[in-house]
Participant: 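Pasting a structure here, questions to come.
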Amino acid sequence: MTVTKEKILVIGACGQIGVELTSALRQLYGNDNVLASDLREEHPLLKGTGPYVTCDVMNKEMLHVLILRHNITQVYLLAAILSATGEKNPGLAWHINMQSLLNVLEIAKEEKLHKIYWPSSIAVFGATSPRENTPQHTVIEPTTIYGISKYAGERWCEYYNKNYGVDVRSLRYPGLISYKSAPGGGTTDYAVEIYHEALRDQDYECFLSEDTYLPMMYMSDAIRATIELMEAPIEKIKIRSSYNLSGMSFSPKEIGACIQKHIPEFKLTYKPDFRQQIANGWPQSIDDSNAQEDWGWKPKYDLDSMTEDMLLNLKSQYS
Ligand code: NAD
Ligand code: SER
């Protein structure tokens with residue numbers, strides 16, 4: 001099915017999520033109706049699949065002109081600085097994560113754009129939130145600058161929806177695992193690196209300790225969740241800050257054991273670094289019953305099926 005009449009701008013299209021989300025949106029809306037943009041050079045997997053422009057989301061005037069020139073009706077804002085990189089430069093992470101969102105929300109309000117998508121994260125939760133089955137509504141005291149910026153962003157989204165009618169929708173993604181594009185500086189990146197190293201060297205030194213449980217999700221589930229949320233009728237979207245979203249939870253030891261079923265010689269060692277402290281403040285598992293009830297969310301992949309698919313696809317990349 002190709003949905004027409006919408007013109008979509010994806011900002012941050014060359015990142016881990018952007019590459020796959022842009023491709024999925026192009027399949028749904030038609031290649032020419034999805035304009036990909038990023039600060040970086042066009043990602044090789046996007047080349048030849050649709051229009052691409054270089055754009056800095058921090059330049060509001062340039063962004064506004066781009067949106068008007070291309071008759072954009074929906075924006076997916078994916079540009080951000082993630083948790084681990086953010087701790088190295090908190091001022092920059094706050095500035096980019098906040099100002100990019102405010103630029104997009106303000107233009108959406110002025111130009112009455114149809115829909116905006118902006119992702120939040122499990123990083124909004126801190127050490128004072130319940131760690132298991134973390135509820136949608138609970139104590140939220142993030143301790144990383146990334147989490148603080150995501151929580152503030154959620155409040156801005158709800159504010160623009162309630163006060164200006166901007167149809168902005170959001171998901172609190174868990175750590176995302178993908179084989180098409182590399183992760184961009186998060187605490188959950190180990191769960192992607194481990195597959196690459198298992199195939200390349202049969203050896204991986206993990207930067208988190210063996211029993212660090214975190215909520216995770218396979219990229220194809222995350223893309224489907226995003227599209228299902230954005231396609232849901234407006235009356236079904238009851239949470240205007242950001243929806244909890246759950247896929248699976250595992251520790252480094254468990255993902256290692258799962259990989260060893262396919263690559264028995266794989267060796268996993270542990271050398272926790274500054275990212276351990278970030279992970280220690282995050283939930284171990286997430287209660288996403290609001291997403292299930294409001295717009296019918298259900299994940300497909302578990303650790304075993306994801307591992308099988310990751311290894312199959314990465315094997316063909318390495319050969
Ligand atoms: P990423 O770092 O892989 O990609 C972000 C992209 O934004 C990059 O290609 C970067 O070049 C681009 N960008 C940075 N600054 C820009 C600017 N000023 N103008 C235009 N483009 C700019 O990140 P990702 O993993 O794809 O994450 C996308 C969104 O999803 C972020 O908001 C992130 O916080 C959120 N998220 C990601 C995960 C995950 O596990 N990947 C989990 C939770 C939430
Ligand atoms: N995967 C992201 C990170 O680790 C979670 O938002 O930063």
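Read the numbers this way: they start at 1 and go in the same order the structure lists the ligands and their atoms. Residues: numbered from 1 along the sequence shown. All heavy atoms count here, side chains included; hydrogens, waters and symmetry mates do not.
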Participant: Heavy atoms only: which of Leu101, Ile122, Leu176 is nearest to atom 40 (O) of ligand 1?
Facilitator: Leu176

Participant: For atom 16 (C) of ligand 1, state which one of Thr188, Leu39, Leu63, Val19 supplies the nearest heavy atom.
Facilitator: Leu39

Participant: Would you say Ser100 contacts ligand 1, with heavy atoms under 4.0 Å as the rule?
Facilitator: no

Participant: Do the charged groups of Asp167 and Arg240 touch, with an N to O distance under 4.0 Å?
Facilitator: yes

Participant: Are a donor atom and an acceptor atom from the side chains of Gln74 and Glu6 found within less than 3.5 Å of each other?
Facilitator: yes

Participant: Out of the candidates Glu154, Lys150, Arg172, only one should pair with Ser120 under the side chain to side chain donor-acceptor pair (under 3.5 Å) rule; please name it.
Facilitator: Glu154

Participant: Side chain or backbone of Pro174 under 4.0 Å from ligand 1, or both, or neither, by non-hydrogen atoms?
Facilitator: backbone

Participant: Assess the pair Tyr76 and Trp118: is the distance between their ring centroids shorter than 6.0 Å?
Facilitator: no

Participant: Ligand 2: which residues have a non-hydrogen atom closer than 4.0 Å?
Facilitator: Leu82, Ser83, Ser121, Tyr146, Gly175, Gly186, Thr187, Thr188, Trp282

Participant: For atom 18 (N) of ligand 1, state which one of Asp56, Leu171, Ile96 supplies the nearest heavy atom.
Facilitator: Asp56

Participant: Return the option from Ser120, Ala79, Pro119, Ala13 holding the heavy atom at the smallest distance from atom 44 (C) of ligand 1.
Facilitator: Ser120

Participant: Pair Tyr243, Trp297 - check ring-ring contact (aromatic ring centres under 6.0 Å, His included), show working.
Facilitator: CA-CA 11 Å; Tyr243 276 97; Trp297 168 243; over 10 Å; no

Participant: Mind checking who shares a hydrophobic cluster with Tyr146, ILVMFWY linked at side-chain heavy-atom distances under 4.5 Å?
Facilitator: Leu82

Participant: Please determine, by modelled atom types, if Glu254 and Tyr213 share a side-chain donor-acceptor pair under 3.5 angstrom.
Facilitator: yes

Participant: Ignoring hydrogens, what is the shortest heavy-atom contact between Ala191 and Ile194? Give both atom names and the distance.
Facilitator: O-CG2, 3.7 Å

Participant: Check if Gly186 has a non-hydrogen atom at a distance under 4.0 Å from any atom of ligand 1.
Facilitator: no

Participant: Touching ligand 1 at all, Lys150? Heavy atoms, strictly under 4.0 Å?
Facilitator: yes

Participant: Which atoms of ligand 1 have any heavy atom of Cys14 under 4.0 Å away?
Facilitator: 9 (O)

Participant: Could you find the nearest protein heavy atom to atom 19 (N) of ligand 1 and give me its residue, atom name and distance?
Facilitator: Val57 N, 3.0 Å

Participant: Would you call Lys7 and Asp32 a salt bridge, using N to O less than 4.0 angstrom?
Facilitator: no

Participant: Atoms of ligand 1 less than 4.0 Å from Gly175 heavy atoms?
Facilitator: 40 (O)

Participant: Tell me which protein heavy atom sits closest to atom 3 (O) of ligand 1, plus the residue, atom name and distance to 0.1 Å.
Facilitator: Gln16 N, 2.8 Å

Participant: Please identify each residue that fulfils side-chain contact (heavy atoms from CB on, under 4.5 Å) with Asp201, with sequence neighbours left out.
Facilitator: Glu197, Asp203

Participant: Would you please test Trp295 and Glu231 for side-chain contact (heavy atoms from CB on, under 4.5 Å) and show each step?
Facilitator: CA-CA 9 Å; Trp295 44 276; Glu231 291 293 312; over 6 Å; no

Participant: Please say whether Met58 places an N or O atom under 3.5 Å from an N or O atom belonging to ligand 1.
Facilitator: no

Participant: Side chain or backbone, does Ser121 bring an N or O within less than 3.5 Å of an N or O on ligand 1?
Facilitator: no

Participant: Quick check: does Arg40 get an N/O under 3.5 Å from an N/O on ligand 1?
Facilitator: yes

Participant: Give the numbers and elements of all ligand 1 atoms closer than 4.0 Å to a heavy atom of Gly12.
Facilitator: 6 (C), 7 (O), 12 (C)

Participant: Counting heavy atoms not belonging to Glu210, are there more than 12 under 6.0 Å from its CD?
Facilitator: yes

Participant: Starting from atom 5 (C) of ligand 1, locate the nearest protein heavy atom and write down its residue, its atom name and how far away it is, to 0.1 Å.
Facilitator: Leu78 O, 3.8 Å

Participant: Show me which atoms of ligand 1 lie under 4.0 Å from any heavy atom of Tyr146.
Facilitator: 33 (C), 34 (O), 35 (C), 36 (N), 43 (C), 44 (C)

Participant: Which is it for Cys55 and ligand 1 at heavy atoms under 4.0 Å: side chain, backbone, both or neither?
Facilitator: backbone

Participant: Report the residues that fulfil side-chain contact (heavy atoms from CB on, under 4.5 Å) with His64, sequence neighbours left out, ordered by chain and then residue number.
Facilitator: Leu68, Ile107, Glu110, Glu111

Participant: Does Arg169 qualify as a cation-pi partner of Tyr117, given the criterion of NZ or CZ under 6.0 Å from the six-membered ring centre and within 45 degrees of its axis?
Facilitator: no

Participant: Going by distance only, is there an N or O of Leu82 that falls short of 3.5 Å from an N or O of ligand 1?
Facilitator: no

Participant: Taking atom types as modelled, is there a side-chain donor on Thr307 or Asp304 under 3.5 Å from an acceptor on the other?
Facilitator: no

Participant: Testing the basics here: between Val192 and Gln16, what is the closest heavy-atom pair and its distance to 0.1 Å?
Facilitator: CG2-NE2, 4.0 Å

Participant: Would you mind running through ligand 1 and noting each atom that sits below 4.0 Å from a heavy atom of Ala80?
Facilitator: 31 (C), 32 (O), 34 (O)

Participant: Taking all atoms of both residues into account, what is the closest heavy-atom pair of Ser83 and Ile278, and its distance?
Facilitator: O-CD1, 4.0 Å

Participant: Is any N or O atom of Gly15, backbone or side chain, closer than 3.5 Å to an N or O atom of ligand 1?
Facilitator: yes

Participant: Which residue and atom name correspond to the protein heavy atom nearest atom 37 (C) of ligand 1, and how close is it?
Facilitator: Ile17 CD1, 3.7 Å

Participant: Yes or no: does Asp38 have any heavy atom under 4.0 Å from an atom of ligand 1?
Facilitator: yes

Participant: Answer yes or no for Ser178: is there a heavy-atom contact with ligand 1 below 4.0 Å?
Facilitator: no

Participant: Check each atom of ligand 1 against the heavy atoms of Gly184 and keep those under 4.0 Å away; list them by number with element.
Facilitator: 2 (O), 3 (O)

Participant: Between His43 and Tyr52, does the ring centroid distance fall short of 6.0 Å?
Facilitator: no

Participant: Would you say Ile11 and ligand 1 have an N/O pair spaced under 3.5 Å apart?
Facilitator: no

Participant: Which atom names give the shortest non-hydrogen contact between Ala152 and Trp94, and what distance separates them?
Facilitator: CB-CH2, 3.9 Å

Participant: Does a salt bridge link Lys162 with Glu158, judged by any charged N lying under 4.0 Å from a carboxylate O?
Facilitator: no

Participant: What residue and atom, counting heavy atoms only, is the protein's closest point to atom 43 (C) of ligand 1, and at what distance?
Facilitator: Tyr173 CB, 3.3 Å

